[in-house]
Every structure is written in structure tokens, then in C-alpha cells.
Amino acid sequence: MVTILFDGIAYGMLLFVLAAGLSVTLGLMNFVNLAHGAFAMAGGYAALVVVNRLGVPFALGLVCAFLFSAALGALLERTLYVHVYAKSHLDQVLFTIGLVFMSVAIVDYTMGSSQQFIAIPPSLQGQVTVFGLGMSKYRLMIIVICGILTLLLQLGLTRTRFGSRLRAAVDDQRVARGLGINVGAVFAFTFALGSGLAGLGGALGAEILGLDPIFPLKYMIYFLIVVTVGGTSSITGPFLASLLLGIGDVAGKYYVPQFGAFVIYTIMIVVLIWRPQGLFVRKGAR
Amino acid sequence: MTSTTTTPALETRALEKRFGGIVASNQVSIAIARGARHALIGPNGAGKTTLVNMLTGVLKPSGGQILLDGRDITILDPHERVRLGIARTFQINQLFADLTPVETLGLAISERLGTGTHFWRVPGTRPEVVDEIAALLERFRLTDVMHERTAVLPYGKQRLLEIALAFACRPRVLLLDEPAAGVPDAERHEILAAVAGLPTDVTVLLIEHDMDIVFTFADRISVLVNGQLFVEGTPDEVARDPRVKAVYLGESLDA
Amino acid sequence: MRGPDVSTSAALASAISAQFSARARWSPLEMVFWLGAFSTIWLLPEQHLILTEIVIWALLALSLDLILGYAGIISLGHAAFFGVGAYTAGLLAKHALVGEPVLALLVSGLAGGAFGFATSFLVLRGTDLTRLMVTLGVALLVREIANRAAWLTGGADGLQGIDMQPVLGLFRFDLYGHTAYIYSLTVLFVLFLLARRVVGSPFGLSLLAIKGNPLRASAVGIGQTWRLVGIYTLAAAYAGIAGGLLTQTTAFTSLESLSFDRSADALLVLIIGGTGHLYGGLIGAVVFRFAQDWISTATPQYWQFWIGLFLVLIVLVGRDRIGGWFAPLRRLADRISGWRPWRPGPAAAPDEGGRP
Amino acid sequence: MLKHLLTPLAVALGLAAAGPASAQGVVKIGVIEAMTGQQQSTGVQTLAAMRLYMQQHGDTVAGKKIELIVKDDGAVADNSKRLAQELIVRDKVSFLVGFAVTPTALAVAPLATEAKVPTIVANAGTSIITERSPYILRTSFTLPQSSVIIGEWAAKNGIKKVVTIVSDYAPGADSEKTFTEAFTKGGGQVLEAVKVPLAAPDFAPFLQRARDASPDAIFVFVPSGQGATFVKQFIERGLDKAGIKIIGPGDVTDDDLLNGMGEQVIGTVTAHMYSADHPSELNKTYVEAFKKANNGLRPNFMSVGGYDAMHLIYEALKKTNGDTNGDKLMAAMKGMAWDSPRGPISIDPETRDIVQNIYIRKVEKKNGELYNVEFATFDAVKDPGKAKK
């Protein structure tokens with residue numbers, strides 16, 4: 001039973017790192033970015049190229065994934081996304097679906113269509129027994145890394161000046177602008193950070209979620225569920241939602257395989273109706 | 001619930017509205033006689049619009065009661081209240097940009113006649129609806145713009161359409177929220193003529209800043225300050241009341 | 001053209017009904033559109049297969065237009081009703097419960113509509129975003145149920161063993177899709193007429209009012225809940241019929257009829273044609289399907305890139321601006337169609353004092 | 001509002017002019033493959049092999065020029081049916097080849113019958129496909145062929161208790177049923193039969209469930225493209241440490257992905273009809289040529305289905321010296337036998353299904369790469385799925 005919990009937590013943590021960026025872009029600029037998965041895929045393939053072909057050690061590969069996706073995010077944000085903020089949600093959905101289609105075709109053209117894997121150092125393969133329980137080293141590493149990232153994010157948001165400015169902008173853009181906060185710059189940086197995180201999540205997740213050109217389409221639903229259930233005005237909301245989703249999905253498949261993904265879709269709809277602004281958000285929050 | 005002639009057309013009893021700590025309306029009890037031309041005045045932030053929103057069901061009150069012809073409508077939805085005979089205009093135009101005045105008025109009239117949910121008939125085939133639209137267009141001087149999309153109408157005409165649209169609901173009580181707001185002087189006379197021309201059996205509650213409109217039209221005035229009913233009386237009584245002058249000239253109430 | 005003097009109310013009344021009837025009257029352009037559509041039965045016999053699919057896309061996009069264009073409800077899960085209709089028609093045919101295709105189609109429409117009615121309450125409250133997510137969630141849930149209920153729906157393999165009886169007992173579904181095309185085009189035309197009446201009726205007008213300004217709509221006595229439930233149910237029934245058509249014309253249905261791609265493409269088709277004038281779905285279907293077919297033959301593996309680029313450009317350029325490109329054509333059409341807004345003569349010379 | 005100008009439908013439709021009239025010297029082959037979507041690696045492999053065959057054997061046979069018309073159905077049956085109808089009606093193809101997954105083949109079967117167009121299944125593996133139309137032939141494989149062989153082999157080689165894990169769609173059910181029959185007949189016992197969702201599966205919970213039942217081995221069938229994820233998670237869960245072996249049809253150790261699976265997969269025993277390491281001369285030249293033509297991509301069992309389909313077409317046309325009449329071609333193709341890169345194969349005259357060797361093979365490392373090295377051969381295996389009936 002504990003291994004299921006362990007798997008669920010690892011899966012949840014991974015989902016959080018992948019979806020954190022999306023919940024901020026949605027919360028901050030009220031921007032529906034369905035193409036968030038494409039940045040995760042970009043990070044995954046960047047790590048693949050760097051580690052498998054250039055022989056860079058795996059840890060450095062993760063950093064490269066983060067930087068590549070962050071740079072890609074910043075570039076696209078300044079060139080394309082900036083024109084679409086003011087548009088309606090419908091336009092944002094169409095725009096980002098268009099980006100996903102393009103990313104799928106580009107990666108398929110450049111990297112080939114079959115599933116690929118990043119070479120994992122032997123130290124991360126197989127199992128280690130902790131308190132007599134077999135824990136997969138790789139998932140343990142995921143929990144550690146994602147845990148640290150979550151802490152950094154939380155500290156960054158609550159303790160630093162940038163964090164407070166970001167939260168102000170999330171709460172009310174107009175007032176934030178009134179206080180002289182350059183919301184545009186705050187958002188550009190956060191978008192890049194979110195994309196970088198997604199890229200890192202893509203690289204980390206390659207081992208578990210697999211890496212192929214249709215990654216963004218396959219996992220788009222999971223990101224959206226995390227964001228809707230977790231709400232968009234804080235980091236703790238999506239974090240708890242990712243854990244709930246991760247454990248719910250893994251346990252669901254273990255105990256009631258015949259229900260499959262039924263469980264998480266029902267949770268999503270129930271939350272949407274009962275508390276549209278998200279499960280973990282204080283009643284009054286926007 | 002017999003509504004004798006003496007029952008007020010519209011009455012509130014200890015109406016309350018709190019937004020968190022802020023008290024927007026505090027124990028407001030007001031009674032508007034049938035056919036009256038009652039004006040509601042008060043400085044900005046006195047809670048006038050909050051009161052109107054509660055009367056029309058846009059806001060749910062925190063306490064107290066609202067009675068229309070003696071009937072309790074406190075918790076009814078806006079569209080249910082309209083059917084019971086209370087209609088309003090908006091301070092900032094709230095119109096249907098893509099529809100023409102003919103369609104807008106036709107919509108309100110067919111809603112009132114209960115044919116609004118007909119999903120098969122082509123609109124405008126019922127003569128009584130067409131005649132009523134014609135009468136409204138003439139009364140509110142909109143015949144010259146009847147085919148234009150509302151969005152492109154001049155502001156003055158839009159204000160007239162606002163009143164015409166509320167009037168199309170054949171209300172027994174009509175709430176006019178600063179009908180002449182923002183209308184340049186040249187066209188104000190059309191608005192004032194339209195308001196003056198309203199039939200006597202319609203009770204009018206006029207929310208207004210413009211004192212000469214208030215003193216020409218209103219036969220009774222209530223003054224609202226800080227969410228509380230401050231003074232009520234005929235135009236002369238209110239004009240002579242020193243407290244009203246004090247509030248309007250800015251000395252604080254309890255100085 | 002100076003109309004009679006406005007002051008006589010009879011003239012005004014006739015001007016009012018002229019405006020209403022002009023709105024409902026068939027413009028020559030629409031007639032050309034439908035003549036063109038029906039002429040393809042003889043002009044393009046070899047294209048009937050792709051044309052049938054276009055008709056089905058058009059019907060699905062039309063049903064999406066009913067809720068998006070006329071009630072402002074955005075949905076990313078319209079395929080749920082499409083799939084319900086598709087599987088209903090499939091099961092009816094497979095187990096020979098209702099053999100006759102037209103009857104089976106009606107039942108699929110009812111099934112879609114019933115499902116639409118049941119989920120319509122989820123969509124009433126909430127912003128665009130919540131509606132987007134709820135509709136997406138509902139479609140995913142239905143797809144998962146269809147996948148799980150393999151004993152009924154055939155699961156991932158799709159519904160096998162459907163054999164279609166001839167339409168009205170007379171016209172057999174032939175290999176080349178002629179019957180299928182005439183059948184689907186007629187169904188589309190009939191449903192289009194119905195939609196055109198509903199949208200043009202007082203009910204349709206009140207929907208536009210709700211979409212245009214919900215606050216004022218309720219302030220003039222329009223109860224929003226039942227109107228939105230009504231149009232959502234109708235749209236779901238239309239989508240169910242479109243699904244039924246797909247099953248009947250291909251004698252097969254699979255989980256694809258419930259997929260996210262189907263909902264996303266329906267939205268794309270509608271956006272290409274433009275929302276809020278009923279023809280959006282039809283034009284969009286023609287443009288989208290032929291473009292997709294032409295591109296995917298050119299690059300079978302990478303056609304998605306061009307569709308994606310096409311989408312991004314549409315949004316960047318701005319849908320309303322694209323609509324604007326057609327404005328001169330619209331004015332030309334108004335002139336051809338002979339409906340000139342009836343200009344009343346200037347009112348009696350404006351005198352100084354305002355007359356009450 | 002309804003009076004908008006509309007681009008007249010007739011003009012837009014004029015765009016799609018009728019297809020070019022088929023010059024008598026050209027034989028068109030309609031290829032319906034999953035070039036996009038979850039099965040796109042299957043489509044890419046098969047098409048590459050078909051093009052390689054034409055490159056090696058020229059594009060004219062019996063005086064007729066061969067032309068491939070490739071259509072992407074994204075492994076979606078509705079698309080396959082419509083594309084097939086268009087290829088038959090508009091492009092007037094003489095052959096249909098491809099079908100990445102079973103539903104796409106089943107959807108086209110009635111068309112093949114009505115239009116009398118020989119339809120060659122180069123990928124899909126469910127038994128019943130060839131029964132659905134007298135004009136369908138198969139050059140890929142059937143799941144029962146490899147599942148029965150591995151079942152018998154496992155029972156004989158000290159594997160007593162097995163948990164089966166298969167993808168939840170027709171080929172999965174086929175392989176599970178026939179394996180279980182063969183394995184239990186040989187004295188084995190199936191502890192639990194687990195079904196995994198076809199789309200975006202995460203194997204972790206299912207593997208955990210299988211591990212808790214502590215079998216000797218896990219019989220696994222997943223579509224090509226998902227084998228690597230399964231094996232990696234199998235290792236990650238430590239099932240290999242717990243002494244549990246992997247057995248099953250060769251799909252799981254797909255040549256396309258084998259190298260990415262890591263060293264721990266060495267020793268996995270599977271049964272299949274093709275390995276890139278098959279020791280025949282014909283296969284060596286095939287693998288070299290394929291790698292050269294597709295920048296190092298190693299051909300897998302799906303590619304061989306495409307390669308042999310082209311061979312079948314070329315031979316059939318030679319026999320009917322260019323006559324593309326459906327019945328004549330079918331008669332020419334039935335019973336045809338030839339040497340394929342996978343080994344000797346033939347088309348069973350009654351069932352029109354493929355008869356081929358099935359090899360038991362083990363994953364080994366050879367000059368730096370992982371291969372399925374064959375060590376036992378079962379000659380000329382008919383499709384057991386149909387043989388019993």
C-alpha cells in the first residue's frame with residue numbers, strides 16, 4: 001500500500017512542477033495557455049539531445065532543459081503571446097491549440113516520431129530499500145527535486161520582493177499597475193520561469209510519462225485538471241491538487257482498474273461546479 | 001393581500017445592505033405613493049445606486065423587506081419583479097448594441113405579453129406588438145433612428161431608448177436612474193419632455209443629482225446620506241431644511 | 001427613395017413590420033448558396049464522400065454556433081453530444097431496434113438532446129473559463145464511459161457489425177456515397193431551416209439580448225435559465241443528429257466521435273466561417289475540410305503544422321478584422337437583395353421649443 | 001443579420017476538380033497508414049520499407065508504372081473508411097495497403113469486397129480481419145501466432161505461474177486468450193489477467209499489482225511504441241530483481257525502441273516473426289539499406305509487413321502481366337510463397353493469412369547495440385486463431 005502512496009506522491013510532484021507555470025499564467029494574466037505541454041516537451045527533447053548525443057551528465061541535462069524551455073518561453077511570449085492577452089478566451093484557446101499542432105509537427109520532423117528516452121545514469125536506476133520497502137531511485141529523486149523546487153517557489157513568492165509584486169499583480173492587475181509595478185515585465189519573467197519549470201518537468205518525466213511528439217496533447221488534460229482543482233491565486237492550491245490527482249490516479253488504477261481515468265474527471269467536474277475558483281482557494285479570493 | 005388605494009406603490013421596511021464591514025444601506029424605510037413623482041437625492045456614495053439595485057433584485061439585501069403594492073418581492077429575481085410591474089433605467093446605458101430600437105422595444109413588449117418564448121413565429125407579425133412599438137417610437141422621438149443598430153445611435157437617442165425600453169415593460173413603478181446624465185443641453189429638453197410626458201398612473205422614483213430637474217418634477221423628495229434616510233418631505237420643506245443645506249454644502253452632519 | 005411621411009402611424013407600423021420581415025426574408029445570396037450546395041449532387045459525383053463529411057462537420061459546427069454564436073456559451077466538449085448520437089444510431093442499427101435510418105436519426109437527436117438537457121445546468125453559471133473546463137470534463141467523462149463499456153460500445157475497437165437498412169426503405173447506402181450525401185445534405189437543409197426560424201423568432205431575439213447584455217436582459221423581464229437550457233438542449237440534439245449521420249453514412253463509429261480533436265476541430269470550423277450568422281459552420285466546414293484534405297495529401301505526416309499555423313495567423317490577424325474583409329461583399333449583397341432600410345422622411349422641421 | 005454575403009458554395013467546391021483520369025500504363029497503390037497520432041511510428045516504418053522496395057526493384061512491373069498514393073488516417077477507423085472510398089472511387093487504385101490498427105482494417109473490409117480491390121494488411125494483428133472480406137490478405141502477423149508459440153515454450157521451460165498484462169483493445173484480447181489457452185494446456189497457470197488503457201497508459205500501478213501476485217513471469221502485449229515505457233517501468237519497479245521474467249509477443253521488445261530500454265532488458269525472451277538480427281543474407285542487406293535510407297533508423301517488424309506487401313504486389317502483377325482485375329490478382333496472390341527478410345513466408349490459399357516462421361529470441365548485446373537474437377525456430381506457423389475453428 002505504501003508503494004502506491006509513494007508512486008502517487010512522485011507522480012503528483014511531477015505533475016505540480018509541470019503545471020505550476022500554467023496556474024500562474026492563468027491566474028496572473030487570465031490567459032488560457034493550452035500549449036504549456038509543448039514547453040514541457042521542448043525541455044524533454046533538449047535534455048535528450050544534450051544527454052544522449054553530447055554526453056552531458058544527466059543532472060546538467062535537467063538544467064539545460066530548464067534553460068532551453070525558459071528561453072523558448074521568453075522568446076515566444078515577447079513575440080507572439082503578447083499580442084493575444086487582450087483577446088477573448090476563445091481566441092486564446094485557438095491560438096494555443098494552433099501552437100500545440102505546430103510543436104507536434106516540428107518535433108516529429110526534427111526528432112522522429114517514435115518514443116525516445118533520456119539515458120539515465122546507473123545510480124538512478126532500479127530500487128533502493130528504505131525501511132524495508134522497495135522505492136524506485138528515480139521516483140525518489142523526483143520527489144526530492146520537486147520538493148526542493150516547491151519550497152523555492154513558495155519562498156520566492158512569499159519572501160522576495162518579486163514574489164510580492166507577482167502576487168499583487170495576480171490579485172488585481174489594475175491596482176498593481178497603479179502602484180507602479182511593471183506588470184508586463186513581471187509576467188514575461190513569470191511566463192519564462194513557468195515554461196522553464198515545465199521543461200524541467202518534461203525532462204524529469206521522460207522516464208515515466210515517455211517522450212514523443214504528441215506529449216502536449218496527451219497530457220494537456222492533466223495540466224488543466226491540476227489548475228482547475230488547485231485554483232490559480234496561490235502555489236499551495238495547485239500543489240495540493242497535484243498530489244490529490246497523482247495519488248487518486250495511481251490508486252484508482254491499482255484498486256479499481258476498470259474505472260481508470262473516470263475518477264479524476266469526476267473530481268474535476270465536481271470541483272468546477274461546487275467551487276469554481278478552485279478547491280484550495282479561500283472563499284473570497286478572485 | 002388587498003392593495004387598497006392607500007397602500008404605497010413601492011415600500012421598503014428597514015432595508016439593510018452590508019458589504020463586509022461597509023454598511024451601504026442602513027435601516028432604509030421609504031414609502032412611495034401610487035402615481036407619485038418621488039425623487040431620491042443625496043451626495044455621491046450615499047447608497048442611492050445600491051438601493052436601486054436592491055429594489056430591482058440585482059442585489060440581495062442583508063436585511064429588511066421590499067413591498068410592491070403590498071406584496072413582498074424582497075427575494076424575487078429581477079425578471080420576476082419586472083413582470084410584477086417594476087422597471088428601471090440605468091445610469092450608464094445598458095442597451096443591446098447589435099439590435100435596432102424596433103427590435104429592442106419589440107423584445108420587451110413580447111416578453112411582457114408572454115410571447116417572448118415563441119420559437120417559431122417570425123417577430124413583428126402580431127399587430128398589437130407593432131402598434132405598441134410605433135407608439136413608443138413616436139412618444140420617445142426615436143422614429144428617425146428606428147433602423148439603426150443601437151451601437152451607432154447618438155448618445156441622446158440612446159438615453160431616450162433607455163427610458164423607452166423601461167417604459168415598454170408597462171411598469172406600475174418606474175425607477176429612473178439619472179435619466180439626463182451626460183446628455184448635452186441641446187438635447188436635454190427631449191429627455192425632460194419624455195419624463196414629463198409619462199402617464200400619471202405610473203409611479204416614478206427619480207434618482208437624480210440635477211436639482212432643477214428634481215425641483216420641477218418631484219412632488220416628494222427623500223434625501224439619503226451615508227446609507228441612511230436623512231430627510232423626507234415636499235420640495236419646499238426639503239429646500240428650507242437647514243440640515244440638507246449643511247450636508248450639501250459640506251459641513252459634516254454632527255459638527 | 002423617400003418613404004411616405006412618417007407621422008401617419010400606419011406608415012410607421014408598416015415600416016416596422018418591413019424591418020422585421022426583411023430580417024427573416026431569404027436573400028438571393030442564401031438561395032445561391034443552397035442551389036450551389038444541392039447542385040453538387042450532380043456536378044461533383046466523385047466528391048460525394050468528402051462532401052458527406054463536410055455536411056456532417058457543417059451540422060456539428062452549426063449546432064456549436066447555436067450556443068456560441070447565439071447564447072455566448074463557449075464549449076470545448078461539444079463532441080460529447082456528437083458521440084452520444086453516433087453510438088445511439090450505431091446501437092439502434094446493430095441490434096435492429098430501429099431499422100429505418102431517418103427514424104433512428106431522430107432517436108439519436110433525442111438522445112443527444114436529453115444528454116444536453118441533463119448537462120445544461122452545469123454550464124449556466126460560471127465564466128467562460130469554467131464553461132470551457134466543464135464541457136471538456138464532460139466530454140472526457142463520456143469518452144471514458146464509452147471506453148469502459150466495451151460490452152456495449154466495443155471500446156477501443158469501435159462499434160462493429162453495423163449494417164444499414166436503406167433510407168426510407170428505398171435508397172440503399174452505396175459504396176460511392178451518393179445516397180449518403182443526398183441523405184445528409186437534405187437533413188442538413190431541413191435542420192438549417194428549423195434553426196433559421198428558431199434563431200429569427202422572438203426566442204432567438206431574446207437569446208441575442210442575453211448574450212449582448214445579460215444585466216439588461218433580466219431588467220426587461222427575460223428569464224435566462226430556461227432560455228439557455230432550451231438552446232443548449234436544441235444544440236445538443238443537433239450535434240446528436242450529426243453524430244448519427246456519421247454512423248449511418250460510414251456504418252461504423254468509434255471513440256473518435258467523442259475525442260477532444262472532434263470538439264476542437266468543430267470550434268475551428270466555426271471560427272473560420274464566423275459565429276452568429278448560422279452560415280459560419282457551413283462555410284467553415286467547406287474551407288477547413290478541403291484545406292485539410294489538400295494539405296494532408298501533400299504532406300501526410302506534417303499537415304498538422306499548417307493547420308496550426310493557419311490557426312495562429314487567424315487569431316493574430318484578428319477574427320473581426322477578417323470578418324471586415326467580407327464587409328464590402330456584405331454591402332454588395334444588401335444592394336442586390338433589394339432590401340434598403342426604409343428611410344423615413346425628415347421629421348417635421350425641427351422647431352425650437354421641445355413639444356411634449 | 002441573415003442577409004450576409006456568403007462565398008457561394010459552388011465556387012469553393014469547384015476547387016476540388018475530379019481526379020486525373022488513370023492513364024492505362026499506371027498502377028496506383030493506395031497506402032492508408034497512421035502517419036500522425038499515437039501509432040505514427042508504425043506508419044513511418046511501413047512507408048519507409050515500401051519506398052525502399054521500390055527503390056531496390058524499380059517502379060515499373062510488367063510494363064506498368066507503380067505509383068504510391070499515401071493517406072494519413074491517424075489510426076482512426078472513420079478516416080480510413082473515407083480515405084479508402086476516395087482512393088477507390090476518385091483515384092481508382094488497384095491495391096490498398098497499410099492499416100496500422102485492427103479497427104481501421106475492419107472498417108475498410110466491406111469496401112474491399114464491394115469494389116473488389118485487393119487489400120493487404122501490413123500491420124494490424126487481430127485474427128478475424130482476413131475473414132471479414134475475401135479481398136483481404138495479410139503480410140504482417142497475427143497475435144495468436146506468436147502468443148501460442150510463447151505459451152507452449154513457457155510451459156515447457158519451467159514457467160509455472162504467469163500474470164498477463166495486455167492493452168485493452170482487440171489484438172490485446174486476442175493475444176491474451178490464445179496465450180492463456182496454450183499456456184494452461186501446457187500445464188501453466190494464469191494468476192491474473194490485467195487490462196491496461198490503450199491511450200497514455202501508466203504501467204506503474206498495474207506492474208505493482210502484478211508483482212504482488214508474485215508470478216514466475218509476466219506475459220505482456222502492448223502496441224508497438226509502448227514497449228519501451230513498459231520495460232523501463234518494469235525495471236524501475238524492481239520486478240526484474242524479484243526474479244520475474246518478461247515473456248510475450250515481440251511487440252514489447254520492438255527493434256525501433258530496444259536500444260533505449262537500457263541494459264536490464266537483456267535476457268528477455270519473446271516470440272515473434274521478425275528481428276533486425278535475423279541471420280539471413282537478405283535481411284542483412286535489407287537492414288543496411290533501410291538504415292542508409294532513413295538516417296540510421298533500425299527497421300522493426302512493422303516495416304517488414306510493408307516490404308513484403310510490395311513484393312506480393314510486384315509478383316502478382318508479374319503473374320497477371322499487369323492486369324489489375326481484382327479477382328485475377330487475388331488468384332495470383334493466394335498460395336504465393338517467397339523469401340522475406342524475416343525468413344520464408346507464404347500466403348495461405350484458404351484464409352489468405354500469412355504463414356511464417358515464429359522465432360523464440362532473447363535480448364542480447366551485440367557490438368554495442370541490443371538485439372533480439374533468435375535461438376529457436378518454429379517453421380511455417382499458420383494462424384492458430386483460425387486453425388482451430
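Worth knowing before you read on, the calculation uses all heavy atoms, side chains too, and leaves out hydrogens, waters and symmetry mates. Lettering follows sequence order; numbering is per chain, from 1.
- When every heavy atom of C:Met133 is checked against every heavy atom of A:Met268, the shortest pair comes out as O-CE, 3.4 Å.
- The shortest non-hydrogen separation linking C:Val315 to A:Asp91 is CG2-O, 3.7 Å.
- Heavy-atom pairs under 4.5 Å with chain A peak, among C:Phe305, C:Trp306, C:Phe310, at C:Phe305.
- The two residues A:Phe101 and C:Gln304 have their closest heavy-atom pair at CB-O, 3.5 Å.
- Proximity to chain C (any heavy atom under 4.5 Å) is shown, for A:Thr266, by both the backbone and the side chain.
- The choice from C:Ile314, C:Leu268, C:Leu267 that makes the most heavy-atom pairs within less than 4.5 Å of chain A is C:Leu267.
- At a threshold of 4.5 Å between non-hydrogen side-chain atoms, the residues A:Tyr265 and C:Ile145 do not count as touching.
- Within 6.0 Å of OH on A:Tyr109 lie no more than 12 heavy atoms contributed by other residues, nucleotides or ligands.
- Looking at C:Phe121, there are no atoms closer than 4.5 Å to chain A (heavy atoms on both sides), in backbone or side chain.
- Taking NE2 from A:His89 and CD1 from C:Ile74, the interatomic distance works out to 8.0 Å, rounded to the nearest 0.5 Å.
- For residues 134-141 of chain C, the interface with chain A (any heavy-atom pair closer than 4.5 Å) comprises C:Val134, C:Leu136, C:Gly137, C:Val138, C:Leu140, C:Leu141, sorted by residue number.
- Shown here for A:Lys87 and C:Leu316, the closest heavy-atom pair between the two residues is NZ-O, 4.0 Å.
- Interface residue A:Ile221: only side-chain heavy atoms are found under 4.5 Å from chain C.
- If you tally non-hydrogen atom pairs under 4.5 Å between each of C:Leu68, C:Ile271, C:Asn147, C:Ile307 and chain A, the highest count goes to C:Ile271.
- In this structure, no portion of C:Leu313 lies under 4.5 Å from any heavy atom of chain A.
- Of the atoms belonging to A:Val93, it is side-chain heavy atoms, and not backbone ones, that fall under 4.5 Å from chain C.
- Using a 4.5 Å cut-off between heavy atoms, A:Leu90 contacts chain C through both its backbone and its side chain.
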